[in-house]
Chemist: 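Following this message is one structure expressed as structure tokens.
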Amino acid sequence: MKLKELDVQELGILFEEGLNRLQNMDKREKIRLRRRIRDELFSLLGWELASPAGIIKRFEERMPDFFQAVPYGFKDEVLEFLINRM
């Protein structure tokens with residue numbers, strides 16, 4: 001199922017909250033991560049047959065340093081959000 005633009009925006013807000021949880025990362029690194037997150041979210045708009053597990057897998061492959069830095073359970077929050085929206 002394809003994600004709507006509003007869902008992608010809310011997913012962006014969820015990732016921004018995850019970035020705000022990072023205390024030990026400098027400002028430049030957060031800016032780089034924001035750009036990568038924005039690019040990945042933009043690419044989601046073109047996915048026709050996206051599944052929540054496939055989206056999470058792509059995020060983990062493209063942004064492994066982000067998922068290693070955020071607190072435990074953030075990936076589960078994103079997965080739960082995607083399951084509820086799709």
Side-chain angles (χ1 to χ4, degrees):
M1 180 176 193
K2 187 174 180 179
L3 284 173
K4 298 178 182 123
E5 189 173 340
L6 181 62
D7 296 335
V8 173
Q9 288 175 351
E10 290 180 10
L11 190 58
I13 292 171
L14 186 65
F15 273 101
E16 183 64 32
E17 290 173 1
L19 277 174
N20 290 337
R21 293 181 196 173
L22 301 176
Q23 299 295 326
N24 57 352
M25 193 169 285
D26 66 336
K27 188 175 180 179
R28 288 185 181 202
E29 186 63 29
K30 283 186 180 182
I31 290 171
R32 285 189 205 113
L33 284 174
R34 277 189 186 97
R35 182 174 9 121
R36 289 173 51 199
I37 290 168
R38 184 180 61 239
D39 292 344
E40 289 301 317
L41 291 176
F42 183 72
S43 71
L44 277 181
L45 291 174
W47 280 29
E48 291 293 327
L49 298 173
S51 68
I55 292 172
I56 288 293
K57 184 177 178 184
R58 179 180 170 110
F59 283 154
E60 286 179 326
E61 290 173 355
R62 301 279 181 131
M63 301 180 295
D65 50 343
F66 174 76
F67 281 101
Q68 290 174 356
V70 291
Y72 179 77
F74 180 76
K75 184 175 78 170
D76 296 332
E77 290 177 32
V78 173
L79 185 62
E80 181 180 332
F81 174 84
L82 290 171
I83 290 171
N84 289 336
R85 296 300 171 132
M86 297 179 95

Chemist: Among residues at least two apart in sequence or on other chains, which ones pass side-chain hydrogen bond (donor to acceptor under 3.5 Å, both in side chains) with Arg32?
Modeler: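 For Arg32 the side-chain hydrogen bond (donor to acceptor under 3.5 Å, both in side chains) partners, ignoring immediate neighbours, are Glu29.
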Chemist: Taking salt bridge (Lys or Arg N to Asp or Glu O under 4.0 Å) as the test, write out the residues that go with Asp65, two or more places apart.
Modeler: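 Scan of Asp65 (salt bridge (Lys or Arg N to Asp or Glu O under 4.0 Å), adjacent residues dropped) gives Arg36.
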Chemist: For Phe66 and Phe15, take the angle between the two ring planes, folded into 0 to 90°, and tell me which bin it lands in: parallel under 30, tilted 30 to 60, perpendicular over 60.
Modeler: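 The arrangement is tilted - the two ring planes meet at 30° to 60°.
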Chemist: Using every non-hydrogen atom in the two residues, find where Leu79 and Ala53 come nearest and quote the distance to one decimal.
Modeler: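 Looks like CD1-N, 4.3 Å.
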Chemist: Looking only at heavy atoms, what is the nearest atom pair of Leu82 and Pro52, with distance?
Modeler: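 Taking Leu82 first and Pro52 second, the nearest heavy atoms are CB-CB, 3.9 Å.
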Chemist: Which pairs of donor and acceptor atoms, one on a side chain in residues 54-63, lie under 3.5 Å apart (sequence neighbours left out)?
Modeler:
{"residue": "Arg58", "atom": "NE", "partner": "Glu40", "partner atom": "OE1", "Å": "3.0"}
{"residue": "Glu60", "atom": "OE2", "partner": "Lys75", "partner atom": "NZ", "Å": "2.8"}

Chemist: Quick check for you: to the nearest 0.5 Å, what is the distance between Asp7 atom CG and Asn84 atom CG?
Modeler: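 Output value for this atom pair is 10.5 Å.
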Chemist: Is there a path of hydrophobic side-chain contacts, each under 4.5 Å between heavy atoms, that joins Ile31 and Val70?
Modeler: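 Unlinked, Ile31 and Val70 end up in two clusters.
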Chemist: Rounded to the nearest 0.5 Å, how far apart are CG of Leu19 and CD1 of Ile37?
Modeler: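 These two atoms lie 4.5 Å from each other.
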Chemist: If I compare all heavy atoms of Lys30 with all of Leu22, which pair ends up nearest, and what's the gap?
Modeler: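 The answer is NZ-O, 2.9 Å.
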Chemist: Strictly by side chain to side chain donor-acceptor pair (under 3.5 Å), give each pair with a member in residues 8-17 just once, sequence neighbours left out.
Modeler: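 Qualifying pairs: Glu10-Arg85, Glu16-Arg34.
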